[in-house]
There are 2 protein chains.
Amino acid sequence: MKTMKEIVSQPESHKLAAEVFFDITADAVRLISKKNRRRMYFVGCGSSYYIAMGLSEQVKRISKGVVSSTCLSGSEIMLGLSSVESDSLVVGISRSGESSETVAALEKCRGIKNVECISLTCGSGSKIISHSDAHIVLDFIEEDSVVMTNSFTTMSFVASAMIRQILAPGLVKEYLEVIPLSTEKTVEQSGKIIEKLDLNALSSFVFLGYNEYLAAAFEGTIKVIETSLANSNAFQTLEYRHGPISTVNPSTLVCVLPGVRSSKEEHALLRDVADKGGKTICISGNPIDHNCSIVTDYKMEDYGDWFLRAIPMQLIGVKRAEVHGINPDSPVNLTRVVRL
Amino acid sequence: MKTMKEIVSQPESHKLAAEVFFDITADAVRLISKKNRRRMYFVGCGSSYYIAMGLSEQVKRISKGVVSSTCLSGSEIMLGLSSVESDSLVVGISRSGESSETVAALEKCRGIKNVECISLTCGSGSKIISHSDAHIVLDFIEEDSVVMTNSFTTMSFVASAMIRQILAPGLVKEYLEVIPLSTEKTVEQSGKIIEKLDLNALSSFVFLGYNEYLAAAFEGTIKVIETSLANSNAFQTLEYRHGPISTVNPSTLVCVLPGVRSSKEEHALLRDVADKGGKTICISGNPIDHNCSIVTDYKMEDYGDWFLRAIPMQLIGVKRAEVHGINPDSPVNLTRVVRL
């Protein structure tokens with residue numbers, strides 16, 4: 001099974017990414033460092049849109065609000081529904097580098113006064129590169145599957161590290177060391193916890209978090225939807241009480257991805273779900289008092305492990321597909337690249 | 001059935017809202033007009049969060065980008081996860097005026113330098129009012145149901161009209177005249193179209209749009225989830241191709257809420273869904289070539305009918321609940337107000 005192989009190869013890919021990090025980001029870092037830009041946009045579609053969402057939050061957090069940052073889908077820009085201001089830096093994200101909407105978005109952005117574009121892709125020689133002023137190419141990621149797993153976390157890792165290099169260079173060395181170890185732990189622990197789930201009895205999957213962790217939660221939903229055709233939603237954690245909690249029953253699995261500041265209230269929500277008969281999992285940076293936890297073992301409080309928290313959901317999707325006799329390697333109605 | 005009664009009473013409520021509009025908004029308009037603020041925040045939880053989302057987009061659109069606007073959930077502010085800048089205007093939205101998170105958010109915002117707060121509520125004498133510098137109280141909306149329907153559209157209408165009064169006063173008179181008529185048409189047409197749906201055969205409901213229409217789509221999902229416990233998701237229209245389209249089958253209903261600029265591409269998506277065997281509905285401002293359309297008959301191109309486009313989804317939720325023997329008046333696990 002290709003997708004499963006790609007999921008378990010993530011620790012290896014992140015190790016490799018850390019090794020080549022300074023080489024593959026050199027051009028982009030040089031471009032960004034030339035001008036002291038205060039406005040950034042991250043643009044993508046599908047899983048790359050959720051990468052954009054997480055990175056946009058990381059920029060605000062690591063710059064302590066000094067750099068403003070917005071996440072947009074490729075189609076929003078392509079269709080003229082959201083505008084990019086002049087004097088901005090735009091980062092376009094596409095695994096293949098060929099997504100029509102993201103390529104069109106970058107093409108459009110380069111026509112805006114004093115806007116420069118960087119592309120983040122696994123596709124060397126791809127279209128998106130020809131519309132960029134600098135590019136970060138992860139050509140060591142060869143993902144055959146339709147759904148993005150390894151490419152999602154590895155592109156997120158490289159860009160999150162680059163955000164540190166530019167905005168808080170003192171953090172980057174440790175970050176590059178820590179993440180590959182955290183990835184290993186996360187894959188291993190997720191496997192064990194998900195092994196114990198009765199995926200035959202679960203029909204609805206809910207992922208909850210805030211900020212970067214909400215981006216991971218959204219990525220989780222489309223992962224579970226694409227691979228196993230299950231019912232899945234993501235919300236800000238406390239928003240779940242304002243309506244959607246009405247559906248909780250013993251076939252509901254609710255995963256919370258708590259942040260440092262909101263951990264207490266997010267755990268209270270998990271207890272509410274358990275009281276109503278739902279199954280719960282907590283995906284956290286530190287071990288906490290919850291009998292079904294997956295720990296990324298990421299000790300810093302800067303949400304730097306955000307993309308790792310999607311790994312358990314990748315596994316849930318693939319394992320549930322297996323149980324239901326669905327082939328996660330070839331989802332219905334989907335192609336590897338969306339070309340319009 | 002209370003909820004159904006409240007849904008069909010929306011044209012009447014909007015007529016009444018238009019009549020009392022200048023009276024109930026006078027204080028708030030005076031407060032806003034005193035200072036020429038360039039930054040606004042809209043804050044709410046659940047359905048009120050989606051009101052906040054729609055209003056935030058309306059401010060950007062009607063001010064032509066001059067006023068920056070952000071939508072936040074009550075919990076984001078309460079938990080310190082997103083910050084409100086000084087010199088801003090904050091609008092807190094809560095049907096009852098008692099939602100713990102939104103009340104706490106407003107309390108927190110008033111501690112920020114030169115921030116003023118306005119509350120938008122149906123609850124006269126409620127807590128949120130005591131944390132506001134001005135308030136807009138729709139005390140003529142008496143909604144008994146747990147789920148918000150009439151209160152959602154009427155609060156949205158009043159605030160959308162107020163945005164026009166402040167930022168483009170030439171538009172407000174016509175807007176107040178047009179919306180009640182559009183509401184009547186929308187309720188009537190929605191009833192007819194939904195009557196024809198085989199709600200027994202549909203198990204998954206997808207609502208698609210951009211900007212204000214995406215806010216209506218999100219509101220639609222929690223409406224269908226709360227009232228009928230169905231599977232429901234919302235996405236930006238073209239994002240649907242990047243993963244979630246994999247689940248389309250004859251039991252899927254996809255509703256698109258097209259915008260003026262993106263109508264062509266959004267209709268192409270609907271055709272894709274139909275080709276894959278899904279059922280489709282288009283909820284639009286103008287009649288268009290689609291054999292299952294609901295038309296709000298709102299001719300302006302400023303997305304002013306955004307909240308009306310949630311009405312068909314209110315009806316889908318209630319009708320589907322009926323078919324499945326669920327009582328939409330008393331959703332499982334929910335209370336009228338979320339108090340922490």
Side-chain angles (χ1 to χ4, degrees), chain A residues 44-49 60 65 73-76 78-83 85 99 101 146-148 203-204 210-211 221-223 225-227 229-233 235-239 241-249 259 261-262 264-266 268 272-273 276 331-335 338 340, chain B residues 44-49 60 65 73-76 78-83 85 99 101 146-148 203-204 210-211 221-223 225-227 229-233 235-239 241-249 259 261-262 264-266 268 272-273 276 331-335 338 340:
Chain A
C45 295
S47 290
S48 295
Y49 178 56
K60 286 186 259 185
S73 70
S75 62
E76 269 180 283
M78 181 185 81
L79 299 171
L81 302 172
S82 293
S83 57
E85 291 186 45
S99 275
E101 293 145 63
V146 170
V147 299
M148 290 172 63
S203 61
S204 178
Y210 285 98
N211 307 106
T221 62
I222 64 161
K223 220 53 17 187
I225 289 173
E226 291 174 325
T227 49
L229 308 179
N231 173 5
S232 185
N233 288 96
F235 299 97
Q236 289 188 357
T237 309
L238 267 57
E239 278 294 296
R241 276 203 197 91
H242 294 272
I245 202 170
S246 61
T247 57
V248 168
N249 66 43
R261 282 193 184 184
S262 45
K264 197 180 129 225
E265 290 82 359
E266 295 188 271
D272 270 14
V273 170
K276 293 180 198 317
V332 200
N333 298 337
L334 291 187
T335 50
V338 176
L340 297 181
Chain B
C45 294
S47 290
S48 295
Y49 178 56
K60 286 186 259 185
S73 71
S75 62
E76 269 180 284
M78 181 185 81
L79 299 171
L81 302 172
S82 293
S83 57
E85 291 186 45
S99 275
E101 293 145 62
V146 170
V147 299
M148 290 172 63
S203 61
S204 178
Y210 285 97
N211 307 106
T221 62
I222 65 161
K223 221 51 19 187
I225 289 173
E226 291 173 325
T227 49
L229 308 178
N231 173 6
S232 185
N233 288 95
F235 299 97
Q236 289 188 356
T237 310
L238 267 56
E239 278 295 295
R241 277 204 196 91
H242 294 272
I245 202 169
S246 61
T247 57
V248 169
N249 66 44
R261 281 193 185 184
S262 45
K264 197 180 129 223
E265 290 81 359
E266 295 188 270
D272 270 13
V273 170
K276 293 180 198 316
V332 200
N333 298 337
L334 291 187
T335 50
V338 176
L340 296 181

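Because the structure is a prediction, the values reported are computed rather than measured. FYI, side chains are in, hydrogens and waters are out, and symmetry mates aren't considered; it's all heavy atoms of this structure.
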J.: For each of B:Ser232, B:Gly65, B:Ala268, B:Gly46, tally heavy-atom pairs with chain A at distances under 4.5 Å, and name the one with the top tally.
T.: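 Most heavy-atom pairs within the cutoff with chain A belong to B:Gly46.
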J.: Counting heavy-atom pairs closer than 4.5 Å to chain B, which one of A:His242, A:Glu85, A:Glu101 comes out on top?
T.: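 The option with the most such pairs is A:His242.
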J.: Among residues at least two apart in sequence or on other chains, which ones pass side-chain contact (heavy atoms from CB on, under 4.5 Å) with A:Ser262?
T.: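 By the side-chain contact (heavy atoms from CB on, under 4.5 Å) rule, A:Ser262 matches A:Tyr210, A:Glu266, B:Leu79, B:Leu81.
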J.: Between A:Glu265, A:Lys60, A:Gln236, A:Lys264, which residue shows the highest count of heavy-atom pairs closer than 4.5 Å to chain B?
T.: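 Winner by heavy-atom pair count: A:Gln236.
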J.: So which part of A:Asn231 gets closer than 4.5 Å to some heavy atom of chain B, the side chain, the backbone, both or neither?
T.: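 Its backbone and side chain both get close to chain B.
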J.: If I measure from the heavy atoms of chain B, does A:Met78 come under 4.5 Å with its side chain, its backbone, both, or neither?
T.: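 For A:Met78, the side chain is the part near chain B, not the backbone.
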J.: If you round to the nearest 0.5 Å, how far is OG of B:Ser75 from CG of B:Leu340?
T.: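 Spacing of CG (B:Leu340) from OG (B:Ser75) equals 9.0 Å.
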J.: What is the distance from atom CD of A:Glu76 to atom OH of A:Tyr49, rounded to the nearest 0.5 Å?
T.: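 Rounded to the nearest 0.5 Å, the CD-OH separation comes out at 5.5 Å.
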J.: Tell me which of these, A:Asn233, A:Ile222, A:Thr237, has more heavy-atom pairs under 4.5 Å with chain B than the rest.
T.: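 Counting heavy-atom pairs under 4.5 Å, the top option is A:Asn233.
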J.: With chain B as the partner, which of A:Ser203, A:Ser73, A:Gly74, A:Ser47 has the greatest number of non-hydrogen pairs under 4.5 Å?
T.: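 Most heavy-atom pairs under 4.5 Å with chain B: A:Ser73.
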J.: Could you grab the distance from atom CG of B:Leu238 to atom SG of A:Cys45, nearest 0.5 Å is fine?
T.: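 Reported value, rounded in 0.5 Å steps: 8.0 Å.
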J.: Quick check: do A:Pro244 and B:Thr221 have side-chain heavy atoms less than 4.5 Å from each other?
T.: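 Heavy-atom side-chain distance check fails, nothing below 4.5 Å.
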J.: Sequence neighbours left out, what passes side-chain hydrogen bond (donor to acceptor under 3.5 Å, both in side chains) with A:Lys276? Give chain and number order.
T.: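 So A:Lys276 forms no side-chain hydrogen bond (donor to acceptor under 3.5 Å, both in side chains) with any residue.
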